[in-house]
Amino acid sequence: RSLARSLTNTVVHWSIILGGLKAHASALICPFRRIMLGYTREAKVPEIEEVTRTKRVLVVEDQAVDRLLFEDSLKTIYELDTATDSETALARLDSPSQPVIDLLLLDLKLPRRFGQEDTKEEGYRIIEHVLGKEGGRSPEIVVVSNYLTPDDRQRLYQLGVRHMLPKRVTDEQLHATVAGALKPAA
């Protein structure tokens with residue numbers, strides 16, 4: 001019964017163009033996540049203070065499926081913005097006309113512009129830009145990547161990034177990490 005509710009509530013329509021023919025497919029985000037992660041029960045959303053509903057998260061992810069999974073998991077708790085490449089992310093972070101970003105959920109391996117080759121250096125470029133800003137506060141950063149080496153972890157830690165997750169993360173892990181990163185220091 002809850003699976004049927006999830007199916008009807010989380011259908012995203014994609015247009016796929018193959019060989020000049022246009023076909024429509026449905027991507028079932030929540031069931032897809034459950035199958036990928038090997039569980040079928042409803043995710044429990046942790047108790048989150050009402051004040052977090054006003055927090056704004058920028059999801060920087062070039063892979064459409066991963067971006068939709070993160071959005072689907074966080075959209076009922078936080079205000080979300082998205083970027084698919086480092087140039088778009090930096091423009092959004094530096095825009096004075098846009099609301100302030102409280103947390104950056106960042107795929108480390110990104111293209112400079114959408115459609116170009118992915119490199120980890122683009123993710124590092126965003127982190128160094130955000131943490132190197134003079135004046136004002138910088139957003140918290142949560143790095144999501146399946147390709148973190150021990151050297152990457154050390155470099156991220158030296159830059160000041162304390163929150164790292166694999167991309168194949170459960171809703172509970174994602175919510176707990178994001179809420180922990182946004183929690184004010186005591």
Side-chain angles (χ1 to χ4, degrees), residues 2-18 22-46 48 52-93 98-99 101-120 122-123 126 139-148 163-182:
S2 64
L3 181 60
R5 185 176 64 235
S6 293
L7 290 172
T8 56
N9 291 336
T10 60
V11 174
V12 176
H13 295 283
W14 289 349
S15 292
I16 303 169
I17 300 174
L18 297 171
K22 193 172 190 181
H24 293 282
S26 295
L28 305 174
I29 302 304
C30 283
F32 178 68
R33 173 180 285 197
R34 289 188 188 105
I35 291 166
M36 282 179 16
L37 297 175
Y39 66 92
T40 56
R41 62 181 175 78
E42 287 291 320
K44 294 179 183 174
V45 177
I48 299 173
T52 62
R53 294 199 182 276
T54 61
K55 300 289 185 181
R56 184 167 293 275
V57 175
L58 176 60
V59 177
V60 184
E61 172 60 65
D62 61 320
Q63 299 297 318
V65 171
D66 291 330
R67 188 173 56 252
L68 289 170
L69 289 172
F70 293 137
E71 288 176 19
D72 185 58
S73 181
L74 297 173
K75 70 184 177 188
T76 59
I77 304 168
Y78 305 101
E79 297 293 324
L80 295 179
D81 289 335
T82 60
T84 57
D85 56 61
S86 63
E87 291 294 323
T88 305
L90 291 171
R92 172 57 188 88
L93 288 163
Q98 296 290 322
I101 297 295
D102 299 297
L103 184 128
L104 186 60
L105 186 66
L106 176 68
D107 177 13
L108 195 60
K109 194 173 178 185
L110 292 167
R112 180 177 288 251
R113 289 197 173 85
F114 190 73
Q116 293 181 342
E117 182 182 352
D118 298 355
T119 69
K120 285 184 183 177
E122 289 305 309
I126 294 171
E140 293 296 324
I141 299 172
V142 176
V143 170
V144 288
S145 180
N146 286 333
Y147 306 107
L148 290 179
H163 307 281
M164 298 166 231
L165 289 170
K167 281 192 181 179
R168 301 299 175 244
V169 64
T170 65
D171 286 342
E172 291 89 353
Q173 291 168 320
L174 180 61
H175 292 180
T177 302
V178 169
L182 288 171

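Keep in mind the model is a prediction, meaning the values are calculated, not measured.
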Item checked: Derivation of the side chain to side chain contact (heavy atoms under 4.5 Å, CB included) call for I126 and L104 -> CA-CA 10 Å; I126 294 171; L104 186 60; 3.7 Å; yes
Next item on the list: Any chance you could lay out the side chain to side chain contact (heavy atoms under 4.5 Å, CB included) test for L74 and L174, step after step, and finish with the verdict?
Entry: CA-CA 9 Å; L74 297 173; L174 180 61; 4.0 Å; yes
Margin query: Walk me through whether L105 and H163 qualify under side chain to side chain contact (heavy atoms under 4.5 Å, CB included).
Written below: CA-CA 10 Å; L105 186 66; H163 307 281; over 6 Å; no
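Side-chain contact between D62 and D85: absent, with no pair of heavy atoms (C-beta onward) separated by less than 4.5 Å. Contact of the M164 side chain with the L148 side chain is registered, since non-hydrogen atoms from C-beta on lie closer than 4.5 Å. Annotation: side chain of H175 is in contact with side chain of I77 (closest heavy-atom distance under 4.5 Å). Within the 4.5 Å cutoff, the side chain of V169 has no heavy atoms near those of the V144 side chain. Side-chain contact between Y78 and L182 is present, with heavy atoms from C-beta onward closer than 4.5 Å. Using a 4.5 Å heavy-atom threshold, the side chains of L110 and D107 count as touching.
In this structure S145 satisfies the side chain to side chain donor-acceptor pair (under 3.5 Å) test with no other residue, sequence neighbours excluded. Considering only residues two or more places apart in sequence or on other chains, I101 meets the side chain to side chain contact (heavy atoms under 4.5 Å, CB included) condition with R56, L58, D81, R92, L93, P139. Residues passing the salt bridge (Lys or Arg N to Asp or Glu O under 4.0 Å) test with E140, sequence neighbours excluded: none. For D102, the side chain to side chain donor-acceptor pair (under 3.5 Å) partners two or more places apart in sequence, or in a different chain, are R137. Among residues two or more places apart in sequence or in another chain, the side chain to side chain donor-acceptor pair (under 3.5 Å) test is passed with Q173 by T170. Residues meeting the salt bridge (Lys or Arg N to Asp or Glu O under 4.0 Å) test with E61, sequence neighbours left out: K167.
Smallest separation of non-hydrogen atoms from G123 and L106: O-CD2, 3.7 Å. Pairing each heavy atom of S86 with each of R112, the nearest pair is OG-CA, 3.2 Å.
Figure legend: cation-pi geometry between K120 and Y147 absent, as NZ or CZ is not positioned both under 6.0 Å from the six-membered ring centre and within 45° of its axis.
With salt bridges taken as basic N to acidic carboxylate O contacts below 4.0 Å, none links R67 and D72.
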